[in-house]
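The block underneath contains the structure these notes are about, expressed in structure tokens.
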Amino acid sequence: MSDLAVAPTGPARAAPWLHEIPASARRDMRVPARVYADEFLWERIRGDASLTQLMNVATLPGVHDAVYAMPDVHEGYGFPVGGVAAMRVEDGVVSPGGVGYDINCGVRLLVSELDRKALGTRLESLTHDLSRSIPSGWHANPELQLGPADLDRVLREGSAALVDRGLATPEDLTYTEAGGSLAGADPAAVSDRARSRGHDQLGTMGSGNHFVEIEVVDEILDAAAATVFGLRQGQVCVLIHTGSRGLGHQVCTDYVRLMGEVMPRYGITLPDPQLACAPIDSPEGQRYLGAMCAAANFAFANRQVITDAVRDAFGRAFGESGGLRLLYDVAHNIAKLEEHGGRKLWVHRKGATRAFGPTHPETPVAYRSAGQPVFIPGSMGTASYVLAGTDAALAGSFGSTCHGAGRALSRRAAKRAQSGGEVRKILEDQGIVVRCPSSAGLAEESPEAYKDVHRVVNVVEQAGLARRVARLRPVGVVKG
DNA sequence: ATGTAC
């Protein structure tokens, strides 16, 4: 797609960080495709498969206004990672590929009352304890095997199902997107195979780019917003990144297959079969949305059970839990029913984070003067960012921002570039404690395999899609 | 991302 010209009119002229492919660029596009990127990132994106994928998304029936790519965009299954598309409820479709295989992959940040100095010599043992007490990789959770009724409740209620078990507090729910509980969940739409893959995976981290990291607040970038979020320099935090594990993966597999089969019945033709979809108001569309919400609830609950394990580990290290408070939990792989410009839309965000501003009713009351918190994990061993959503993001990207640094090298290319042992040494030389049994996993997640998170975050800030609040620095890394 | 192939 390198032969495509950037549109000479519209936002592309007014804003150097926004590039527009007009709908007229291809016969099958219904709306323009807009990409947030600086010149450096745009030069890489404009010839990349992810841009073709974004233009493919712009052909979907009922797609509203425009489709967007964030500066961390890269190729995904059908729909690019870092993509946003809003589908009208009346005539739109829902596409499992537009949510991704890891339904409600997301990030939460726990904030302690401890200072870096209080960590002292306990960092090594605390990191080790986290790696022992949070199952990762292929491991199940031996302490939480859910029977059918218990699993049903988690699928229906998400984190709210955990309050009775003492694994969540009401305050945790307040500071989770959607209260950690999506109302549209339909446990009956989740297949037996998906249930059997998930029943022993609640409270497990998984592998790939999933992690639990001990962080220190390295720099405050917006003092007022940091105060609202309760963040101060030197403070110890824990960043948790995981999703719905095998359960969500199976839901995606099931519905990509089903929609691929029934699409001809609805007269839908696509440029890429990986974008398999069904009308929102069809039985298959409704069933997927019910299963997707159930898998999303499982993911909220998964991060909540891990939160309980982190609090226990801090308790063992410091005698009490260190006051670990949930700052916020936000999804970056999900479709949500939202109102934009008076219209009801199913907003697909895949590798994109909701970033509502101060005036949005879903922004927690305590954060109304700052905006909804957003967490941007950088590559392993580099910085992560706390951002605040803006009201301007509503018009600029259906209230969305980026989700991470974004892959620059494929997993295979990353393994060719560096060995796991080399990556481990680079991290340890920086004083970072690493617990990761998989050497190949370390190589795949090496900083070299990712774009520059600082550059990505600068783009979304310049574009007004989020404001930088604080930068975090990892001191303990736990991976699968 | 993922019992990395029903």
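Just so it is clear: chains get the letters A, B, ... in the order the sequence lines come, proteins before strands, and each one is counted from 1. Note that these values count all heavy atoms, side chains included, but never hydrogens, waters or copies made by symmetry.
Among the protein residues, A:G246 comes within range of the sugar-phosphate backbone only, with heavy atoms under 4.0 Å from sugar or phosphate atoms but none that close to a base. The residue A:G243 sits apart from the nucleic acid: no heavy atom pair falls under 4.0 Å. Across all strands shown, A:R411 has heavy atoms under 4.0 Å from sugar-phosphate atoms exclusively, and none from any base. Within the nucleic acid shown, A:E75 has no heavy atom closer than 4.0 Å to any nucleic acid atom. Across all strands, A:Q201 comes closer than 4.0 Å only to sugar-phosphate atoms, never to a base (heavy-atom distances).
Going from atom CG of A:L247 over to atom C1' of B:dT2 covers 12 Å, rounded to whole Å. We find that OH of A:Y101 is positioned 13 Å from P of B:dT2, with the value rounded to whole Å. To the nearest angstrom, P of B:dC6 lies 9 Å from CD of A:Q250. To the nearest angstrom, P of B:dC6 lies 12 Å from CG of A:D254. In this structure, A:D192 places its CG atom 17 Å from P of B:dC6, rounding to the nearest Å. At whole-Å resolution of the value, NE2 in A:H139 and P in B:dT2 are 14 Å apart. Here B:dC6 presents its C1' atom at 14 Å from NE2 of A:H249, a figure rounded to the nearest Å. Atom C1' of nucleotide B:dT2 and atom CG of A:N104 are separated by 16 Å, given to the nearest angstrom.
Taking the centre of each ring, A:Y367 and A:F229 come in below the 6.0 Å mark.
Remark: A:T253 is not in phosphate contact with B:dT2, judged by side-chain N or O atoms under 4.0 Å from OP1 or OP2.
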I'd like a table of donor-acceptor pairs (distance under 3.5 Å, sequence neighbours excluded) in which one partner is a side-chain atom from residues 61-73 of chain A, with atom names and distances.
residue: A:H64; atom: ND1; partner: A:R88; partner atom: NH1; Å: 3.4
residue: A:Y68; atom: OH; partner: A:R34; partner atom: NH1; Å: 3.0
residue: A:D72; atom: OD2; partner: A:H403; partner atom: N; Å: 2.9
residue: A:D72; atom: OD2; partner: A:H403; partner atom: ND1; Å: 2.6
residue: A:D72; atom: OD2; partner: A:G404; partner atom: N; Å: 3.0

List the atom pairs, donor and acceptor, that lie under 3.5 Å between side-chain atoms in residues 97-108 of chain A and the rest of the protein, sequence neighbours left out.
residue: A:D102; atom: OD1; partner: A:S244; partner atom: N; Å: 2.9
residue: A:D102; atom: OD2; partner: A:H210; partner atom: NE2; Å: 3.0
residue: A:N104; atom: OD1; partner: A:R303; partner atom: NH2; Å: 2.8
residue: A:N104; atom: ND2; partner: A:A296; partner atom: O; Å: 2.8
residue: A:R108; atom: NE; partner: A:D329; partner atom: OD2; Å: 2.6
residue: A:R108; atom: NH1; partner: A:Q304; partner atom: OE1; Å: 2.8
residue: A:R108; atom: NH1; partner: A:T307; partner atom: OG1; Å: 2.9
residue: A:R108; atom: NH2; partner: A:Q304; partner atom: OE1; Å: 3.4
residue: A:R108; atom: NH2; partner: A:D329; partner atom: OD2; Å: 3.0

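Counted by atom type alone, A:N56 and A:T59 present zero donor-acceptor pairs between their side chains at under 3.5 Å. Using a 3.5 Å distance cut-off with no hydrogens or angles, the side chains of A:R471 and A:S384 do not pair a donor with an acceptor.
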